[in-house]
Amino acid sequence: MALTQLNARVPEELAASVRASAQRAGMTVQDYVADVLAADQAAAEGSEDLRQARARMHAAVAYRRWMTSGQSEADAMSMDEVFG
């Protein structure tokens with residue numbers, strides 16, 4: 001299998017968390033990140049339940065990013081309104 005390199009800038013807290021998760025799993029960061037990305041892509045191409053779970057996970061991450069950036073929740077939709 002051919003390999004290619006991806007570079008991403010992430011918050012230091014996320015990088016530390018990923019490093020710790022990889023270490024707990026006995027994996028290199030490279031292998032851990034590749035497995036996480038592969039699992040996400042498998043969910044994207046999987047059953048309706050997997051796609052919905054993936055969408056909720058991505059929405060929760062986006063929500064946390066929104067909230068930590070100091071954005072207002074005024075007139076925002078709830079997660080239940082988004083995903084019914």
Side-chain angles (χ1 to χ4, degrees):
M1 163 178 46
L3 297 178
T4 190
Q5 184 171 336
L6 299 174
N7 295 308
R9 293 183 186 274
V10 298
E12 182 55 40
E13 298 81 20
L14 177 58
S17 179
V18 168
R19 286 184 196 105
S21 293
Q23 185 176 28
R24 282 192 303 275
M27 302 171 76
T28 65
V29 170
Q30 176 178 312
D31 287 343
Y32 180 82
V33 170
D35 281 4
V36 168
L37 292 174
D40 182 71
Q41 291 304 295
E45 299 165 359
S47 68
E48 180 68 20
D49 287 343
L50 283 175
R51 290 192 311 275
Q52 286 182 13
R54 177 182 182 263
R56 282 197 237 347
M57 183 262 315
H58 283 283
V61 170
Y63 177 75
R64 281 193 303 273
R65 187 179 324 115
W66 177 270
M67 293 305 295
T68 59
S69 72
Q71 300 294 323
S72 171
E73 284 187 89
D75 299 320
M77 294 175 71
S78 71
M79 293 292 271
D80 288 336
E81 290 172 309
V82 172
F83 292 106

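Counting begins at 1 with the first residue of the sequence.
- Under the salt bridge (Lys or Arg N to Asp or Glu O under 4.0 Å) criterion, Arg51 pairs with Glu48, sequence neighbours left out.
- Listed for the Arg56 side chain is a donor-acceptor partner under 3.5 Å among the backbone atoms of Gln52.
- With contacts defined as side-chain heavy-atom distances shorter than 4.5 Å, the pair Gln41/Arg54 qualifies.
- Taken together through direct or relayed side-chain contacts under 4.5 Å among Ile, Leu, Val, Met, Phe, Trp and Tyr, Met57 and Val36 form parts of separate hydrophobic clusters.
- In this structure Ser47 satisfies the side chain to side chain contact (heavy atoms under 4.5 Å, CB included) test together with Asp49, Leu50, sequence neighbours excluded.
- The two residues Thr28 and Ala22 have their closest heavy-atom pair at O-CB, 3.9 Å.
- Residues passing the side-chain hydrogen bond (donor to acceptor under 3.5 Å, both in side chains) test with Ser21, sequence neighbours excluded: Arg24.
- Contacts of Glu45 classified as salt bridge (Lys or Arg N to Asp or Glu O under 4.0 Å), with partners at least two apart in sequence or in another chain: none.
- Annotation: side chain to side chain contact (heavy atoms under 4.5 Å, CB included) contacts of Val33 (sequence neighbours excluded): Val18, Val29, Leu37.
- Partners of Glu13 under the side-chain hydrogen bond (donor to acceptor under 3.5 Å, both in side chains) rule, at least two apart in sequence or in another chain, do not exist in this structure.
- Every salt bridge (Lys or Arg N to Asp or Glu O under 4.0 Å) that Glu12 has, sequence neighbours left out, goes to Arg19.
- Cluster membership for Tyr32 and Leu14, using ILVMFWY side-chain heavy atoms within less than 4.5 angstrom, is shared.
- Judged as a salt bridge (Lys or Arg N to Asp or Glu O under 4.0 Å), and not counting sequence neighbours, Asp35 has no contacts.
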